[in-house]
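The chains referred to below are lettered A, B, ... by the order of the sequence lines, with proteins before strands, and numbering in each begins at 1.
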Amino acid sequence: MTAPPDLHHDADPCEALIALLVRAGDGSLDDAGDRARLDRHLASCAACREALEAQQAAHVALATSFDVEPPLGFATRIAAQVQAPASWFDRFDFRQWTWRAGPVAAGLALAAWLIAASSETTIASAGGDLATVADAVVAAEAVLWSDAMDEADLVSLAWDDTVQPDTTGGDEAGAQ
Amino acid sequence: MVPPARPSDTGEPDPDEPLVARARRGDEGAVRLLVDRYQRRVIGLAWGLVGDHADAEDVAQEAFLRAFRSLRTFRGQSRFRTWLFQIAINTARTHRRTRARRQEEAVGGSIDLDTTAGGGSLEQAVIARDRIHRALETLPADLREAVVLRDVNGLDYREIAAALGVPIGTVESRIFRGRARLRQALTHEPHDQGARR
Ligand SMILES: [Zn+2]
């Protein structure tokens, strides 16, 4: 993508064309005016011609490399699992929420944990209380997935896996 | 009442709304229809994001379950499918982090894209596809997510902005750079990307 130096001064005209180049690359540049503007530029800019070719090649490569055949009965299985109350154990797999995920969720999770800890002896014999606990956990999870969250929440809501409560906690090296 | 913290969707009525309403009331058939409608795209999205087909089905299943079990919190601020894809993206991110922890030594190492092609055309096609998958793995997460949402999943630019919670210009830039780097990885071109980024 080495451009002829005289075509690229300080204010990069190519930079302004990225929105058009990406769309031309995947065939969604529909506006005739945009298309003409891009074509005029391409006529005199080898770097952008090369960039466009790369956009097209990468788009085709990706678009044709992930053909999915869903496993048989996938939808039916999920529908059944959604209806079945999750086992309390499943629900307790509460993903090591980060504190940034929100005070409400954290509070609910903490409350659920406290209740679970205090009723530990009854776990084996009766599931009644646990339904309540599990509901609290699910409610907390529901808060996390609320579509009303702003984007900061969306970023932090990615479950925090850097803490593993169940393991020895030896390596806290942190992901990535 | 909720401030528009994210780029809005198209503003058109959500075609999934009737099914979503039924699913919210516990209608198992509606859940099945919604999964049917999006299973290919969610599995494909997960595949592109986690890089492994078998894992992708698990991630997709988990994403669907999370979505439907917390459906009551979905208030239609975005399209249902945008919300569903957000959940899938987050589930995939978690999966990658968990996997990275498990395979500390493997991750970060150089990924060998040199595969000697040979044999019949089917075999070559499989090898080519494998190279593409592995090239995708070399991209930084933000670029990978953007190109997968566009080129694998086929979301339009505005919807990608909504799903990722970033401005549309950021989406365009990430897709541009992501594709350029992917192309570079696939062709072994030693050129750097120049000032354009
Ligand atoms: Zn140019």
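- At a threshold of 4.0 Å, the pair B/E17-B/R79 does not count as salt-bridged, since none of the basic side-chain nitrogens sits closer than that to a carboxylate oxygen.
- Taking B/F68, B/W47, B/Y38 one by one and counting their heavy-atom pairs under 4.5 Å with chain A, the maximum is reached by B/W47.
- Ion pairing of B/R66 with B/E62 is present here, as a side-chain N (NZ or NE/NH1/NH2) and a carboxylate O approach within less than 4.0 Å.
- The residue among A/P71, A/A57, A/A63 with the most heavy atom pairs within less than 4.5 Å of chain B is A/P71.
- B/D151 and A/H59 share a side-chain donor-acceptor pair at under 3.5 Å.
- Residue contact with chain A, scored on non-hydrogen atoms closer than 4.5 Å, is absent for B/L45.
- Of the listed residues (A/E53, A/R77, A/R23), the one with the most heavy-atom contacts under 4.5 Å to chain B is A/R23.
- Using a 4.5 Å cut-off between heavy atoms, B/A30 does not touch chain A at all.
- The contact between B/I175 and chain A is made by backbone and side chain atoms together, counting heavy-atom distances below 4.5 Å.
- A salt bridge links B/R96 with B/E137: at least one charged nitrogen is closer than 4.0 Å to a carboxylate oxygen.
- Ranked by non-hydrogen atom pairs under 4.5 Å with chain B, the options A/P70, A/A58, A/A61, A/G25 are led by A/P70.
- Less than 6.0 angstrom separates the ring centroid of A/F66 from the ring centroid of B/H133.
- With respect to B/R40 and A/E69, a salt bridge is recorded, a charged nitrogen being found less than 4.0 Å from a carboxylate O.
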